[in-house]
Amino acid sequence: MNDEKVRGKIQDASKRIHNFEEVELGYTKEEAEKEAARCLHCQNPRCMKGCPVSIEIPEFIQAIKEENIEKAYQIISKSSSLPAVCGRVCPQEKQCEAMCIKGFKGDAISIGSLERYVADQAILNNLNTPIMKEKNGKKVAIVGSGPAGLTCAGDLAKAGYDVTIYEILQKAGGVLTYGIPEFRLPKSIVKKEVESLEKLGVKILTDVLVGNTILLEELQKEYDAVFLGTGAGLPKFMGIPGEDANGVFSANEILTRINLMGAYKEDAKTPIKKAKKAYVIGGGNVAMDAVRSLKRLGVDAHILYRRSLEELPARKMEVEHAMDEEIQFDLLTNPTKILTDDNNNVIGMEVVNMILTEAGEDGRKNVIPDENSIHTIDCDMVVMALGTNPNHSALKESNIALNEKGLIIVEEAKTSLDKVYAGGDAVTGAATVILAMEAGKKAAKQIMEAIK
Amino acid sequence: MYKIISNKKISENSYEMIINAPLVIEKCIPGQFVIVMGKEDSERIPLTIYDYNKDRGELSLIYQVVGASTEELSTIKDKLYSVAGPLGNPNEICLNTEDFKDKRICYVAGGVGIAPVYPQVKYLNEKGLNVDVIYGARSANLLLIRDKIEKVAHKIRYATDDGSFGTKGFVTDILEKNINDYDIVVAIGPVIMMKNVAELTKKYNIKTIVSMNPLMVDGSGMCGACRCEVDGKPKFACIHGPEFDGHKINFDLALKRMNIYKEEEKEKWNQMKKTLGGLENE
């Protein structure tokens, strides 16, 4: 019996490298129902164990089979406040789908695509999230409107808490808005998800930098609890010569200009540097987002990564999409110097080949430079996608406990400060959207237990 | 949205805008800045806080029209889409006035740099510190808010390149003549002026604070566009600054980094002028 998964349509690579429209087009009704029909409805659903926010996966798939999208949406919404986001950007192949029993012999159920289908239908048909409980009069402040903050806000609002989110940028969403590109997560979808939280009564105050506009200490006084979901922080640079050249950017800057400020649009007021040939240094999801964005702007866009394809930390699907888009992967190579002209413009890079050695404690192979291999390559843009260092702007004048890396220490989401909880990248260092959501969810649960 | 109380021209190419933004100024101390957006699709423009009235919740900004985005800002009369702040750190002297009571302080302002200098001098004056000001511009008509700064400065001296007002020459000429009168210098203005002041004061070993205004996007440390080299290390003006030790800043690098988007900005400016010109012809 042919039991392959149903593949949703995707925008052809040759076409999509010229636009910022979504790559994955999503299931049609027929496709979704056909895929849902493959689910075995196991007695003991392993998929749920793979889901960080424990969505009742077999139940919502059953509802799709029954053609009851509203029911499917209600089931997902019980566990997730951002299903249209998760359906798109969760690494399902490492989570729910990795646990699916069908995956052992063939294709796992495409849970992510089904989740997205339900969420998109809900948006199209203006379906409402579950009825909330009566207001309990307890107030919670959330610092940062990224995936951790939005999830925490959603869960608390549904349980009757009065939630206010503080956000420094002009729009809510955090990395969903400034970081993840339109072709992977349309901003209209993020906006809809945020609006559905506002319908639950969540207030969002933009233009506010906690630590400057209002102090954490004041939030502690004014609210019954505070959740810090301030995100990953300051972009890292390598510390090599030439890094301050005109044409060296952090991936965050490139992505913020493109996504938040719309610099890819013809009539945009925020500029993006025109480049002929760019190297994005790094191999994570942020590197993939940056390189694929640059490709769409007509740049000859390369990834430069010091390890090999196998160690590449980005999600497999993103790497495949990037390769289909003819992004060049220059592997086992590391920059040692950025070369500039007299005006400080980037004209190339000095790089060294790397040699793989034994795996380290984390199971990933280490690399050492082959000092005899130093050579130069031409380019006029270099983008650093190397991760981040913690940003303590919001914590000013507080004596919150931090670990040796400068990340906030939590125990069951609770920080060392009275009433203050934290989660997401501010606690773990740069990770994924779904892990931040899981942390937001966990914090919401702890807040509900502590403040009734 | 933030209500614009007024937005008017105060010189050839400078404007003063007063905005209702009580939360933004509630905690501000001179030295900090804001990021404004005219409309939903506008650029984020960092501007130092020029004046504020905490009772009325009013924030005043002075900006120069230098490109398409500031030109757009000058045409907005009703409401601003976004005003975020106060961002960055307060001026060190304003933050710890007690520590500087016995110091002889001189502020050096160049051109529109008087806008961030004014609130600091006013603040210190209110705290009982006597502060001198040296203020320079290309020509007399580009010297802004003279009446206001004269009210709060202990002693004020002017320099113009063309000699149309005050001493003919540069602010550094006046500063050098009087260098023995000061323990601390705060210089705010064009990068080249701050560089020249810092080079001068370094010779005399006088502590010098400068305020950097590099290209910036989010203003909260997330993008790194505003990095400056301080003491050989990259620092972000938005969260580590905007004020730094003038003797540790790599000004030459700062000057070069200001040109990153020169071509792109010129193109947008030309486009905009064409559109504006087109409208006028109709």
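Protein chains get the first letters and strands the later ones, always in sequence-line order, with residue 1 at the start of each. Below, all heavy atoms of this structure are taken into account, side chains as well, without hydrogens, waters or symmetry copies.
Among all heavy-atom pairs drawn from B:Ser42 and A:Met261, the shortest one is O-CE, 3.3 Å. Residues B:Glu229 and A:Asp244 approach most closely at OE1-OD2, 3.8 Å, considering heavy atoms. Nearest heavy atoms, A:Thr270 versus B:Glu43: OG1-CG, 3.2 Å. When all heavy atoms are compared, the tightest approach of A:Pro235 to B:Gly221 is CD-O, 3.4 Å. Nearest heavy atom pair, residue B:Lys268 against residue A:Ala268, reads NZ-O, 3.0 Å.
Heavy-atom pairs under 4.5 Å with chain A were tallied for B:Lys233, B:Met37, B:Lys39, B:Glu26; the largest tally goes to B:Met37. Counting heavy-atom pairs closer than 4.5 Å to chain A, the top-ranked of the candidates B:Pro86, B:Ser69, B:Ala225 is B:Pro86. Counting heavy-atom pairs closer than 4.5 Å to chain B, the top-ranked of the candidates A:Ile272, A:Leu205, A:Thr388 is A:Ile272. Options B:Pro234, B:Ala84, B:Cys223 differ in how many heavy-atom pairs under 4.5 Å they form with chain A, and the most are formed by B:Cys223. Most heavy-atom pairs under 4.5 Å with chain A: of the set B:Ala68, B:Gly85, B:Ala21, this distinction falls to B:Gly85. In terms of heavy-atom pairs under 4.5 angstrom with chain B, the leader among A:Leu255, A:Leu209, A:Leu169 is A:Leu169.
For A:Lys405, the NZ atom sits in a loose shell: 12 or fewer heavy atoms of surrounding residues, nucleotides or ligands are nearer than 6.0 Å. By the 6.0 Å contact criterion, NZ on A:Lys191 is open, its count of non-hydrogen atoms from other residues, nucleotides or ligands being 12 or less. Other residues, nucleotides and ligands place no more than 12 heavy atoms under 6.0 Å from the NZ atom of A:Lys192. Around the NZ atom of A:Lys203, the shell of radius 6.0 Å holds more than 12 heavy atoms that belong to other residues, nucleotides or ligands. Other residues, nucleotides and ligands contribute over 12 non-hydrogen atoms within 6.0 Å of the NZ atom of A:Lys139. For B:Lys54, the NZ atom counts as densely surrounded, since its 6.0 Å shell holds more than 12 non-hydrogen atoms of other residues, nucleotides or ligands.
Using a 4.0 Å cut-off between charged nitrogen and carboxylate oxygen, B:Glu263 and A:Lys273 do not count as a salt-bridge pair. A salt bridge links B:Lys27 with A:Glu218; the closest basic N to acidic carboxylate O contact falls under 4.0 Å. A salt bridge between A:Lys274 and B:Glu267 is present, with a side-chain N of the basic residue lying under 4.0 Å from a carboxylate O of the acidic one.
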**Request:** Carefully, step by step, assess B:Glu265 and A:Lys269 under the rule salt bridge (charged side-chain N to carboxylate O under 4.0 Å, His left out).
**Result:** CA-CA 9 Å; B:Glu265 272 162 4; A:Lys269 289 166 183 160; over 6 Å; no
**Step-by-step side-chain contact (heavy atoms from CB on, under 4.5 Å) determination, A:Asn344 to B:Leu253** = CA-CA 8 Å; A:Asn344 202 37; B:Leu253 182 68; 3.4 Å; yes
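Proximity of A:Gln170 to B:Glu40: side-chain heavy atoms (C-beta onward) are nowhere separated by under 4.5 Å. Between B:Met222 and A:Ile168, the closest side-chain pair of non-hydrogen atoms is not below 4.5 Å. Residues A:His392 and B:Ile239 form no side-chain contact, since every pair of their non-hydrogen atoms from C-beta on lies 4.5 Å or further apart. With a 4.5 Å cut-off on side-chain heavy atoms, A:Thr206 and B:Ser82 do not count as touching. Counting heavy atoms from C-beta on, the side chains of B:Val217 and A:Arg257 come closer than 4.5 Å. A heavy-atom distance below 4.5 Å is not found between the side chains of A:Asn343 and B:Asn259. At least one side-chain heavy atom of B:Arg227 sits less than 4.5 Å from a side-chain heavy atom of A:Val248.
Ring geometry for B:Phe236 versus A:Phe237: interplanar angle over 60°, hence perpendicular rather than tilted (30 to 60°).
The closest donor-acceptor contact from the side chain of A:Asn252 to the backbone of B:Gly224 lies at 3.5 Å or more, if one exists at all.
Proximity to chain B (any heavy atom under 4.5 Å) is shown, for A:Thr213, by both the backbone and the side chain. Interface remark: B:Leu255 contributes no atoms to any contact with chain A (heavy atom separation under 4.5 Å). Contacts between A:Ala245 and chain B at a heavy-atom distance below 4.5 Å involve the backbone alone (N, CA, C, O). Only the side chain of A:Lys171 comes within contact range of chain B, judged by heavy atoms closer than 4.5 Å. Contacts of A:Asp342 with chain B are made by backbone atoms alone, with heavy-atom separations under 4.5 Å and no side-chain atom involved.
With rounding to the nearest 0.5 Å, the separation of CG in B:Leu23 from CG in A:Asp207 is 9.5 Å.
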